[in-house]
Amino acid sequence: MKSPRHIAIIMDGNGRWAKERGLPRLKGHERGAESVRAITEECVALGVEFLTLYAFSTENWKRPEEEVAGLWVLLEHFLEMELPTMMKNGVRLRAIGRIYELPESTQAKLAQTIAATAKNPATTLILALNYSSRTELADAARALATEAAAGTLDPATITPDTLSARLYTAEYPDPELMIRTSGELRLSNFLLWQLSYAEFYITPKLWPDFGKAELREAVASFHARERRFGGL
Ligand code: IPE
Ligand code: IPE
Ligand code: MG
């Protein structure tokens with residue numbers, strides 16, 4: 001069966017995974033990075049064209065400085081370590097969110113990895129970093145208003161497509177499948193617009209315990225759904 005073109009994942013539960021083992025939260029994030037590797041590889045194997053991973057929300061800045069700083073160090077390390085695998089597997093890296101607010105060194109490493117993988121033909125891995133749907137929609141609204149004020153956009157012609165084209169995700173199709181690990185039944189400000197017709201798959205598994213077999217299970221559940229899009 002054909003895989004979904006685009007899967008979006010709220011990678012949740014790293015902290016609980018660590019807590020269960022009496023480890024510091026950052027250990028959970030480290031193990032979470034291993035799940036990122038496994039899931040990306042499996043998406044390549046399944047022919048999934050786009051994989052969007054919620055890695056850091058605009059609300060996550062509220063966490064202790066030590067955890068936040070540790071996450072950026074971990075991301076930089078991950079990008080460096082994974083580049084050869086991404087090249088070998090044909091993974092193209094992209095990022096969405098207010099990237100310009102990240103630490104300089106993280107921005108540099110991201111830009112470097114995005115450039116190095118730009119021509120890779122298999123799965124596009126999109127990291128949502130300093131992302132929230134409401135800031136994305138506010139940024140899009142500001143872009144539309146600016147164009148209207150400049151006289152380059154007639155407000156009467158604005159359609160859903162006009163707005164979609166100003167989102168960070170303008171180049172990508174909407175996800176058909178949204179997975180959230182660790183059982184929470186909420187979107188936490190993730191892709192509110194883009195997930196309008198996505199199928200949701202919530203699993204109690206914590207993100208560090210979510211591997212290739214779990215992804216295949218989620219995709220199988222997706223195939224068993226009847227998608228109606230408002231019709232009969
Ligand atoms: C998800 O795991 C990773 C990030 C939000 C960066 P959490 O860190 O939210 O893990 P829990 O929810 O505390 O278990
Ligand atoms: C959502 O997880 C954000 C990411 C996975 C990056 P959170 O752990 O931040 O969400 P809440 O606080 O449970 O809503
Ligand atoms: Mg969480």
Side-chain angles (χ1 to χ4, degrees), residues 6-40 43 50-79 81-82 93-103 105-107 109-110 124-139 167-169 172 175 177-195 198 200-211 214-215 218:
H6 188 171
I7 298 177
I9 306 183
I10 302 177
M11 309 185 286
D12 200 10
N14 294 348
R16 274 162 279 183
W17 184 93
K19 193 167 182 218
E20 279 177 3
R21 289 161 179 78
L23 296 169
R25 291 180 57 85
L26 273 168
K27 281 281 165 215
H29 295 312
E30 274 174 38
R31 285 298 294 265
E34 289 179 27
S35 293
V36 172
R37 177 187 304 125
I39 295 311
T40 305
C43 281
F50 301 91
L51 170 65
T52 298
L53 299 178
Y54 203 7
F56 193 89
S57 76
T58 56
E59 288 76 23
N60 289 146
W61 295 106
K62 290 187 227 160
R63 296 185 178 198
E65 209 186 304
E66 192 196 344
E67 179 171 349
V68 172
L71 281 168
W72 301 129
V73 172
L74 179 63
L75 174 61
E76 289 175 31
H77 182 70
F78 177 82
L79 293 174
M81 296 297 293
E82 291 310 302
L93 184 79
R94 306 304 288 275
I96 55 171
R98 289 187 176 167
I99 303 303
Y100 57 90
E101 290 173 355
L102 303 190
S105 56
T106 311
Q107 290 186 48
K109 185 53 71 191
L110 267 173
T124 299
L125 169 62
I126 305 159
L127 297 180
L129 296 164
N130 193 23
Y131 174 87
S132 95
S133 211
R134 287 181 175 179
T135 51
E136 177 182 42
L137 287 163
D139 286 350
L167 298 176
Y168 309 146
T169 53
Y172 317 122
L177 172 62
M178 192 288 292
I179 298 170
R180 183 167 189 153
T181 56
S182 83
E184 243 60 72
L185 302 175
R186 52 178 174 262
L187 276 177
S188 302
N189 222 342
F190 187 48
L191 301 176
L192 304 180
W193 171 280
Q194 297 89 337
L195 294 175
F200 286 12
Y201 181 87
I202 315 279
T203 167
K205 286 256 174 188
L206 305 175
W207 177 247
D209 296 325
F210 191 87
E214 286 74 19
L215 182 73

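Ligands are counted one by one from 1 in listed order, and the atoms in each one are counted from 1 as well.
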Asks: Taking everything shown except E66 itself, do over 12 heavy atoms lie less than 6.0 Å from its CD?
Replies: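 No - once you tally the heavy atoms of other residues, nucleotides and ligands closer than 6.0 Å, there are 12 at most.
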Asks: Listing by chain and number, which residues have a heavy atom under 4.0 Å from ligand 2?
Replies: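 Contacting ligand 2 under 4.0 Å are I10, M11, D12, Y54, A55, F56, S57, N60, R63, R180, R186, S188.
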Asks: Measure the distances from the heavy atoms of K19 to every atom of ligand 1 and state whether one is below 4.0 angstrom.
Replies: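 It does not, in that no heavy atom of K19 comes within the 4.0 Å cut-off of ligand 1.
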Asks: Is there a side-chain contact between E76 and L79, using heavy atoms and a 4.5 Å cut-off?
Replies: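 Heavy-atom side-chain distance check fails, nothing below 4.5 Å.
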Asks: Going by distance alone, is a donor N or O of one side chain under 3.5 Å from an acceptor N or O of the other, for Y131 and E136?
Replies: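 A donor-acceptor contact under 3.5 Å links the two side chains.
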Asks: Which N, O or S atom name in D12 marks its closest approach to the Mg ion (ligand 3)?
Replies: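 Looking at D12, the N, O or S atom with the least distance to the Mg ion (ligand 3) is OD1.
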Asks: Might you work through the salt bridge (Lys or Arg N to Asp or Glu O under 4.0 Å) test for R37 and E34, ending with a clear yes or no?
Replies: CA-CA 5 Å; R37 177 187 304 125; E34 289 179 27; 5.1 Å; no
Asks: If you count heavy atoms of other groups shown closer than 6.0 angstrom to CD of E65, is the number above 12?
Replies: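 No, because the 6.0 Å sphere around CD of E65 holds 12 heavy atoms or fewer from other groups.
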Asks: Looking at residues at least two apart in the chain, or sitting in another chain, which of them share a side-chain contact (heavy atoms from CB on, under 4.5 Å) with E184?
Replies: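 Counting only residues at least two positions away or on another chain, E184 forms a side-chain contact (heavy atoms from CB on, under 4.5 Å) with D12, R16, R180, S182, R186.
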Asks: Among L185, I179, I10, whose side-chain contact (heavy atoms from CB on, under 4.5 Å) with I202 holds?
Replies: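 Among L185, I179, I10, the one meeting side-chain contact (heavy atoms from CB on, under 4.5 Å) with I202 is L185.
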